[in-house]
Amino acid sequence: MRFIIFDLEATCWEGNQVGRNQEVIEFGAVSANQLGDSMSTFKRLVRPEQNPRLSYYCTHLTGITQGDVDTAKPFNSVVIDFMEWIDIEDEEYLLCSWGDKDIEFLQSDCRYNGIETEWLHRYIDLKAQYHSIRGLQKKRGLKRVLTFEQIEFEGSHHRAFDDAANLFSLFTKYRDMWMY
Ligand code: AMP
Ligand code: MG
């Protein structure tokens, strides 16, 4: 099995995001084998099309600038690269992310761009599984969990690749525990 530990950043605004169409602006992923060894990585910015101007709030949260996304390729191009990098034709892969938001972002942007979503069904939520493994009722964010696990968070939180790489550290710590 190839585990695709991934994270996305998306357009966002201050306050409640209800009714807002959040689009992916960054992909970050690490692929790992059953032993928890990293095999390759994927890191890409994306130019949003429905709301091409990033809010100040979004840039402040993520550190992703308007210039970063203006020079990036749009979702339909980057997601094809992502699907190729995963090698979705070889079904021995499993998408793994922290919470179900990331898979929802992908579903939404794939639908908007007329891209099939079947490949997103091979998916597990590491956040839900982690809370169940540790018997935690109250949901904790990734950064807090890493502190709790005494794993140092490396890089910038809310950058897709750094979030994915840190999630990969947690993934390897519990590599025999994930259910799929
Ligand atoms: P994360 O993987 O935690 O960096 O979050 C992914 C995306 O969720 C971000 O790029 C934002 O679009 C959104 N998000 C995360 N945290 C917040 C927040 N505190 N306020 C608004 N949006 C957020
Ligand atoms: Mg993130």
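Both ligands and their constituent atoms are indexed starting at 1 by order of listing. We number each residue from 1, following the sequence as shown. As the structure is a prediction and not an experimental result, all values here were calculated from the model.
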**OP:** Mark yes when over 12 heavy atoms from residues, nucleotides or ligands other than Q34 sit less than 6.0 Å from its CD; otherwise mark no.
**Re:** yes
Original post:
Using a 4.0 angstrom limit on heavy atoms, which residues are close to ligand 1?
Top reply: D7, L8, E9, A10, T11, C12, Q17, Q22, Y57, L61, T62, H158, D163
Subject >> Summary of salt bridge (charged side-chain N to carboxylate O under 4.0 Å, His left out) pairs that have at least one residue in residues 84-97, sequence neighbours excluded >> reply: R2-D90
Original post:
Rounded to the nearest 0.5 Å, how far does CG of L45 lie from CZ of F161?
Top reply: 13.0 Å
Original post:
What about Y112 and F75, are their ring centers closer than 6.0 Å?
Top reply: no
Original post:
Is there side-chain contact between F27 and D81, with at least one heavy-atom pair below 4.5 Å?
Top reply: no
**OP:** Using a cut-off of 2.8 Å, find all protein N, O or S atoms closer to the Mg ion (ligand 2) than that distance.
**Re:** D7 OD2, E9 OE2, D163 OD2
Original post:
So Y174 and Y130, would you call those rings parallel, tilted or perpendicular, with 30° and 60° as cut-offs?
Top reply: perpendicular
Subject >> Residues forming a salt bridge (charged side-chain N to carboxylate O under 4.0 Å, His left out) with D100, sequence neighbours excluded >> reply: none
**OP:** Test the R122-Y93 pair against the cation-pi criterion, namely NZ or CZ under 6.0 angstrom from the six-membered ring centroid and within 45° of the ring axis.
**Re:** yes
Subject >> Whether F82 and F42 hold their rings parallel, tilted or perpendicular, with breakpoints at 30° and 60° >> reply: tilted
